[in-house]
Each structure stands twice: as structure tokens, then as C-alpha cells.
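What follows is a single structure, written as C-alpha cells, with notes after it.
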Amino acid sequence: MSALHDEPQSTYPEPRATYDIEATQEKWLKVWADLDPFKVVDDGSRERRYLLDMFPYPSGDLHMGHGEVFALADVIARYWFQQGYDVLHPVGWDSFGLPAENAAIKRGEHPATWTYQNIETQAESFRRYGISFDWSTRLHTSDPEYYRWTQWLFLRLYDAGLAYRKSSAVNWCPNDQTVLANEQVVGGRCERCGADVTKRELTQWYFKVTDFAQRLLDDMDSLTGSWPDHVLTMQRNWIGRSEGAHVDFPVEGRDQPVTVFTTRPDTLFGATFFVVAADAPLAAELCAPGQQDAFDDYLREVRRTTDVDRMSEGRHKTGVFLGVHATNPMTGSQMPVFAADYVLADYGTGAIMAVPGQDQRDWDFARAFDLPIVRTVQPPESFEGEAFTGEGRAINSSNGDLDINGLTVAEAKSRTIAYLEATGTGRGTINFRLRDWLVSRQRFWGPPIPIVHCPDCGEVPVASDELPVVLPDLKGADLAPKGVSPLASATEWVKVPCPKCGGAARRDTDTMDTFVDSSWYFLRYPTPHDDTQAFDVEAVRRWCPVDHYVGGVEHAILHLLYSRFVTKALHDLGYLDFVEPFSRLMTQGEVRNQGKGMSKSLGNGVDLGEQIAKFGVDAIRLTMVFAGPPEEDIDWADLSPAGSLRFVQRAWRLSGDVTSAPGTLPDDGDVELRKITHRTIAEATQLIEGLRFNVVVARVMELVNAARKAIDTGCGPGDPAVREAAETVAIILSLVAPFTAEEMWSRLGHEPAVAKAGWPTAIDELLVRDVVTCVVQVQGKVRAKLDVSPDIDEPSLQGLALADPNVIRAIGSSPVRKVIVRAPKVVNVVIG
RNA sequence: GCCGGGUUGGCGGAAUCGGUAGACGCGAUGGUCUCAAACACCAUUGUUCGAAAGGACAUGUGGGUUCAAGUCCCACACCCGGCACCA
């Protein structure tokens, strides 16, 4: 039995009135469905605002995490509605992806069945949760009407040279039987299923994100302050810019020199050997015939090792001599060339100059293979480590032409680069950690890549007016992973005439990463049903960039980086007049339980639907919002939905106690209560702008307490100020507890919807206090409090303070040396 | 290791301009109501000394600046998150 169903019982002399939450929810849902108060207008009559929640993946019903994000985002949306903006608050589903496919295999169904059932379930839950969506915007990325335009985007990037195919060693998830983007490999494991990722040599499609590396970095300056710092930091780390030099090393038996990237060109004199990534083509190329067998054995070993093992802590260095030598351009000395797995094939040039004196990894390798170590930076006296990577003066660094001995690291770097450039053996350069975005997937439930492979014409893009390339009708076992895309088995679908020559050709059988779908969906929302174009340039100009984006921090790198890339690419192609998609970002924390993330395996899950059934939508939303600052994790075990329910009932009771008529002007109302009301309005406005929603709730609670007191023991229920307070509570509360707010609004004699009642304006005269508390300190310790007028002058305040008996006692017989007066707030007496 | 963020009552958190630390809520304790319990409502609630008046101590630790520090500066400890054989 929950509080929802408390009936007034005759045995109680005066039972507290409570309301039937379930009936109230049902009542207003019907009314709102008719009123459709959150439908976007877009007629230019009002200023526009675009609020976007990261759209959900339809993995079942909504869970606690959804409950939190959407409640938080709705505060902002509803605040904007109250302010009279024309708000775009769309809804949709990121509905392509692996779980649907895995469910379909298990059940022998089409992935669409599971997907669209879940979407319907979530849609109904959203509706009941009272989120202020404009339902007419609804889209699903798995609809052909949507993925048609995802394919269009692919083709535009292809035309611009930003989508290309290459063969390289890629991350392979043996469990999901598909390749993964770099961003989807976490700690050497598949982000989705946790399997150890291995490498495979495959020809795959990529988007050229690296072309934008510098801009992705630079444009973050404009987001500082509007995006959380840690998100910007994560992106910066991910892009990983480093400054250094390319240096060319002649290698015996080879015409072309081998170039390496180094961030420490100043240590070039200390380079005593040379290492090539074992799995880079260069290693095989350089290998001398005599070392071929040894190299082949080693490479086989490396290929077998997963990333998890490869990166494990304290693993000793391995490698194999390739039987050739490189020449150090500074010292002329011969450096043996090794293949090793501690050098990465796809970072820099896949080859390094090894400077064991200044790099611990090189030091470890040198010790393992008994190679010479030369220090080129003087460590401090006290230094006891091995490789020295700190600041110091250059040593052992001169030849006939260049002498950098005695220079600091920075000076030595620039001198060396200048020398390399002058002699044509190297140049200063910038290198990025960021790799191109691998977008091919060997799975079914995603947008087919709109390319045809023709034996004569090569890769030919599908004409834009031939889109969408619709998925063939596969289901159940047809979808089981077999290492090649399930699309390949749809033989009729694959066969297609070449768009160029008309000859027999084959469709590309891979689908796109689902992150492609979500990299542009925010552009679709202003015109979600346009069947002539992906997005309307003019509508996007009106609405975008998104004013406020809300979602989980787990997308801090992947989705946000990809969206930023796509925005910049479309900008360069002339479609967009902005370069950053999301002007402001709020990342909400995780909902946990008893200190841990909720999960089935831990058995600590809390079901959103059950909580709502028990306490009602408003109490749950309020609990989420009141729990703490939006970006902090919240722990359900620390919270009290029962307390939230108690509060909404208390607020509701207020609306029933008001006896003045609707429309009563508050002017003659009780001034003390009016002051509290208007201070609440002023503070709430500021707090919402600062995203401190939890404090807004606290302030409304205070206002409710004040109004309660006024009714019971103050000015009484008929005072106009009580009505003003109750109406203010209803409006502010409508951002968090829409059902209670609507019910209050109705009981106060108004027509729905309270959501559009209009944000109240604080009256300045009611914000000034006529009495303030002045703190009197002696030696910085509070000894007295005085009620004074806010415009009291300093001499009188000082006089009052020094006359206070507690102050006199605290001063005692000590001489007063100084009195600091900051009227009207504080007086501090310095003695002794 | 590098980068970012944090550490405030029994708990979640306020105090974002250097000026009353602990708003608001949870929990707890006492009371009202009840045969009783639950619910609800009222009161108290940082620790400590004191009968009280009043005092002392308190924002991770140690220093510093200041009339005044949770807030500013320096060092340290611990926690959380990200990146990491990235040359």
C-alpha cells in the first residue's frame, strides 16, 4: 500500500489531504495530448531555442539513467517554454546497432521486430514521464527515410575525399565478429562485449577525421566554459597533439631514407639503435634475407598476442634484429635496426630512433639486447633513475657542424630542427594520436555503404537519387556472425549493374558504424520529415547549433568528436554556417545503487517503472533533480523518493488552502511573504541559468514552508500574497513536477497548461531587505548579531557594535586597536 | 607516469564577490494522534565543556597571506574519472 492510495479515513479527526497521483497523471496526460503545448512553432514570432537530449538506444524499457537525464534536460526545456521561447525539444531513437541483431539471431526474427517493439515501449514510458517533447519530430535512424540521408552523408564525404578505403591492421572483435573503431576499444577490449581485441589486416572504409585534427583542437577554445572541462580535456587527450620533428635516416641497402617522428630531436646524438613496428609493412621490407626466418617467427608471435597482453604492465621488451643498419645523421654511427612490438605501426611513421639515455622504453630494450646507452641530457646530481626524461643541459651533443652542448632542452630542440632543415635531413612537424575513423562494420543492422564495386570501374558511388540502398530482408540465422557481412549472403541483393558502365557489379556488403547515424541527427530534427533532402539549410540556420545538449559523459569522446567532425566537414562543403554543433553541453552523472553501478550481475538494479508506480512520476523526477548537482553521480540508496512525495503533497495542499479569487492582484498582500516569493523568483532564475537545479528545488521548498506558515499562523489563507506564493510554486515546480504543478494550477482556478503560464518577474522593490543581520566579530570570532537597516552608515554601525554587551565582554580590558566596518554586513574589532 | 575533477555533520548536499559554515532534504531522537503500529504532523539534531548563561573545537593534512579563509597561495595525503609502450 503506497501513499498514492491514502484515503481520508473517518477514524482520524482531521486527516491530511493527499491527492490521487495516478488519477491526476492520467487526467493531465489526456489534456496535454489535446493541447500539444510543446509543439514547435517556427514562425519567427519568438526567439528560438534548441534543446537536445542524446537520443536513446531502444534496448528495452527506460531505466533509471534515462529517468535522470531526461528529467534534468526537461528542466531547461520547460524553463525556456516558461520564458516564452519557441523551443525545439525533439525526440527520436538511435535504433540501429548490434543488440537488435543479437536478439534477432536468438529469436529467429528480423532485428526490426525487437527494435520497434522497444521503441514503442520507450515512447509510451516517455509520454507517461511527462517529458516536454515535440512528438511530431520523432525519428528513428533505422528507418529507410532516415538512413537514406546517412548514406547521402557518406557520399558527400566520399565526394570530398573524406571517405576512403585502405588496407591495414584493424581492431577485430572475435566475439562480435566485426571490426571496431579505435574509440570502441577500451583497454584492449571490445567496448561492447569485453572480448580481447585482436588485429586483422583488412580493407575498410575510413572517414578522414585526421584532416581536422588541428581544427578539432583549436575550436575547443570557443567551447571553454560552455562544455565541462573534463570533456574538453578528454577530447584533447584523445586528439593527442605532439610537436616534434621528422628525421630521415639512411638505411643500408635502400635508396630512400626511413623517416621517423620524434618529440625529442635534441637527443638525436644519443640515438644508438633503430626500431620498426614489427607489424608495419616497413619491417618486412627492411628485413635482410639472413634474418627472414627469425623475423617471420617473431611476427607470428606478435600477431597472436592480444592488445591486452601486449600492454600488460612490466612486460619485458622483445624484438628481433633485421640484419641491417641505419646511419645516425649526426654522429655517422651505424645503428642496428630492430623489429619490435613496443613500437606502434599506426602512430607516427611506425619507426623510431631509439635514445635509451632519455627514454625508459628504449632503455629497457637496450638492456635486453645489450645495446649502447649515451646520455645527451645531464641529469641532476641526485638522479638515480635509468633513462632521464627531465629538463637539463645537453651533453655529448656535437659534431663538426653542430654543437648544442650546454643548451636547455627547448633550445636544443629548435637548434637541431633548424640544422635538420638546413641540411635537408629532417623538419619540424606536428603529429597527432588521433586516427581516421573506421566506419565499416561486418554486421547487418546498420546503413549499407552506398558503394558498388565494378570489375571495370572500381568503386562507384550509388547516385544520390538512387538512395536509399535498402537493407535486404534477412532474419534469424542469416544474421549469425561469420566474419563477413551477412549482406554478402543476400546474393540477389548484392548483384547490381554498375552505375557507371552498366556491367555486372557487386554492392559493398558492409554497413556503417552506428555512430555515423548519430553524428548528424541534430541537423535532421528541424525538418525531420523532409523527403527531398537530409536537412534544410535554412531551417538549420534558424535552429542550429544546438543551444544546449544533454547526455552521458560516456560519449565524451566518441559521439561528440564524430559530430564535431561531421559538422566541420559539412561546413566546408557549404551546408552549414557554423563549425561547432553543440553550443553548450551538460553531462549528467550516473545513477548508482549502494556505491556501484546498477547491473543485472550485481543484482542491485532499481526499476524506473516500479519506482514510478510506487511514488509517482513527479516524486521520482524531483528526487533525481534534487539529489545533487546534475554532473555528479547519484546513489539511489542515499535518496528518498518518499521524502519527495511528501514535498509534492505539501505543495499541492497549499493550492487547496488559498481562498482568494483567481486574478486577485498581489499588490496589497503580506509584504513579508511577498518578499520571500520574489527572492525565490530572482534566485531560481539565476540558479537555473547556472544549472544548479538541486538548489532551485531547495528554494521552492523554502517558499512552500513560508507559505504554509503564512496560512497557518501568519496573514491567513485569504491574503493575496498567499495566492502569489502558491502560483509561483506551481510555475517553478512545473519544471520538475509537471503533474503536481498542473493540478495546483487548476485548483488555483487557472486553465492548463501551467507549462506555458509564463515565468514570473521578480519585483526589484521586493528584493531589498529592510532589516539585515550584521555580524560583529572580535578577533575574527562572531560575538554578536545586530539587526540593522541595510543603509546604515559606518560610524553608527560601529557605535552600535561597540555598545553591545557581548562585544564589550569579549573585548574585556584589551585596548581596541582597529575596527573594520563593512556596512551593513560585518564589523570586526581588532584588539591587543 | 601524464591530464582533469574532488575531499564540508550520521547521509545527499548549500554557502561560486574573502565577510553568520552546515541552506534544503534524508536519517535519528522526543512528542501529538492511535488499543498498538504505520502514515501524517510538531519539536530537537555538527562535536564537545557547562545546570544555565556562555565557551572551546570544527570544511582531508601541514604551512602562509588577511582585520577576516570552506573560499586565495604553497606543500602533502587520499578518492574519482580520462589517457597511457603514442616515440
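Lettering follows sequence order; numbering is per chain, from 1.
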If each of N828(A) and A277(A) is mapped to the nucleotide of RNA chain B with the nearest heavy atom, which maps nearer the 5' terminus, i.e. the 5' end?
N828(A)
Can you check rG9(B) for me, syn or anti if syn means within 90° of 0?
syn
Of M234(A) and K825(A), whose nearest nucleotide on RNA chain B comes first from the 5' end?
K825(A)
Once you apply a heavy-atom cut-off of 4.0 Å, does R236(A) come out as touching a base, just sugar-phosphate, or nothing?
nothing
Please check if the side chain of Q360(A) supplies one atom and the backbone of A387(A) the other of a donor-acceptor pair under 3.5 Å.
yes
P gap between rU44(B) and rC26(B), integer Å:
15 Å
Compile the donor-acceptor pairs under 3.5 Å between side chains in residues 774-783 of chain A and protein atoms, sequence neighbours left out, one pair per line.
{"from": "Q779(A)", "atom 1": "OE1", "to": "I831(A)", "atom 2": "N", "distance (Å)": "3.1"}

With a 4.0 Å cutoff (strictly under), does any side-chain N or O of K781(A) reach OP1 or OP2 of rU20(B)?
no
R809(A) has an atom CZ; how far is it from atom P of rG55(B), in whole Å?
6 Å
Checking the side chain of Q588(A) only, and the main-chain atoms of G552(A) only, is there a donor and an acceptor separated by less than 3.5 Å?
yes
Interatomic distance, L434(A) CG vs rA84(B) C1' [rounded to whole Å]:
16 Å
Using atom CG of L558(A) as one end and atom P of rG82(B) as the other, report the distance to the nearest whole Å.
12 Å
Take atom C1' in rG60(B) and the same atom in rC79(B), then report the distance between them in whole Å.
10 Å
Heavy-atom side-chain contact between N328(A) and M353(A) under 4.5 Å:
no
Proximal nucleotide (of rG55(B), rG19(B), rC85(B)) relative to the Y342(A) side chain
rC85(B)
Between rA14(B), rA84(B), rU20(B), which nucleotide has the shortest distance from any of its atoms to the side chain of V782(A)?
rU20(B)
Can you check whether P336(A) reaches F274(A) side chain to side chain, under 4.5 Å on heavy atoms?
no
To the nearest Å, give me how far apart NZ (K709(A)) and C1' (rC41(B)) are.
16 Å
Provide, to the nearest angstrom, the distance between the CZ atom belonging to F261(A) and the P atom belonging to rC85(B).
16 Å
On the six-membered ring of W227(A), is R584(A) placed so that its NZ or CZ lies under 6.0 angstrom from the centre and within 45° of the ring axis?
no
If you measure from the C1' atom in rU8(B) to the same atom in rG13(B), how many Å do you get, rounded?
9 Å
Carboxylate-amine/guanidinium contact R708(A) D712(A), below 4.0 Å:
yes
Taking the C1' atom of each, how far is rG18(B) from rC73(B), in whole Å?
13 Å
Nearest of rG55(B), rG25(B), rC85(B) to any side-chain atom of R783(A)?
rG55(B)
Value in whole Å for how far the C1' atom of rC83(B) lies from NE2 of H230(A)
14 Å
Taking the same atom, C1', in rG22(B) and in rU7(B), what whole-Å distance lies between them?
16 Å
Mind checking the C1' distance from rA37(B) to rA21(B)? Whole angstroms is fine.
40 Å
Length of the line joining K413(A):NZ and rA87(B):C1', which is rounded to integer Å:
12 Å
Counting any heavy atom closer than 4.0 Å, what does S644(A) reach on the DNA or RNA strands: base, sugar-phosphate only, or nothing?
nothing
When you compare rG30(B) with rC24(B), how far apart are their P atoms, in angstrom units rounded to a whole number?
23 Å
For the side chain of E702(A), counting heavy atoms from C-beta on, which of rC42(B), rG54(B), rA23(B) is nearest?
rA23(B)
Base-pairing mate for rG1(B) - Watson-Crick or G-U, with both contacts under 3.5 Å
rC83(B)
For nucleotides 58-66 of chain B, just jot down a letter per nucleotide in 5' to 3' order: B, S or -, based on protein non-hydrogen atoms under 4.0 Å.
---------
Could you tell me whether N705(A) contacts a base, only the sugar-phosphate backbone, or nothing, with contacts defined as non-hydrogen atoms closer than 4.0 Å?
sugar-phosphate
Of the candidate nucleotides rA87(B), rC83(B), rC42(B), which contains the atom at the shortest distance from the side chain of R650(A)?
rC42(B)
Given rC3(B), rC24(B), rC83(B), identify the nucleotide with an atom nearest to the side chain of W238(A).
rC83(B)
OP1 or OP2 of rC26(B) sitting under 4.0 Å from any side-chain N/O of R646(A)?
yes
Any donor-acceptor pair under 3.5 Å linking the side chain of N431(A) with the backbone of S242(A)?
no
Donor-acceptor contact present, side-chain D633(A) to main-chain E590(A), <3.5 Å
yes
Can you measure E794(A) atom CD to rG19(B) atom P for me and round it to whole angstrom units?
16 Å
Please say whether the positively charged group of K317(A), taken as NZ for Lys or CZ for Arg, lies over the ring of F365(A), i.e. under 6.0 angstrom from the six-membered ring centre and within 45 degrees of the axis.
no
Looking only at atom P, what distance separates rG46(B) and rG9(B), rounded to whole Å?
13 Å
Any side-chain heavy atom of V827(A) sitting closer than 4.5 Å to one from I820(A)?
no
Pairing nucleotide - rA36(B), Watson-Crick or G-U, each distance under 3.5 Å
none
I620(A) side chain near E68(A) side chain, heavy-atom distance below 4.5 Å
no
Atom pairs, protein N/O to nucleotides 10-13 of chain B N/O, distance under 3.5 Å:
{"from": "rG12(B)", "atom 1": "O2'", "to": "A627(A)", "atom 2": "O", "distance (Å)": "2.7"}
{"from": "rG13(B)", "atom 1": "O3'", "to": "N694(A)", "atom 2": "ND2", "distance (Å)": "3.4"}

Testing rC83(B), rA56(B), rG25(B) for proximity to the side chain of N237(A), the answer is rC83(B)
From rU20(B), rG19(B), rA87(B), nucleotide with atom closest to T263(A) side chain
rA87(B)
Output the single nucleotide from rC83(B), rA87(B), rC26(B) whose closest atom is nearest the side chain of R433(A).
rC83(B)
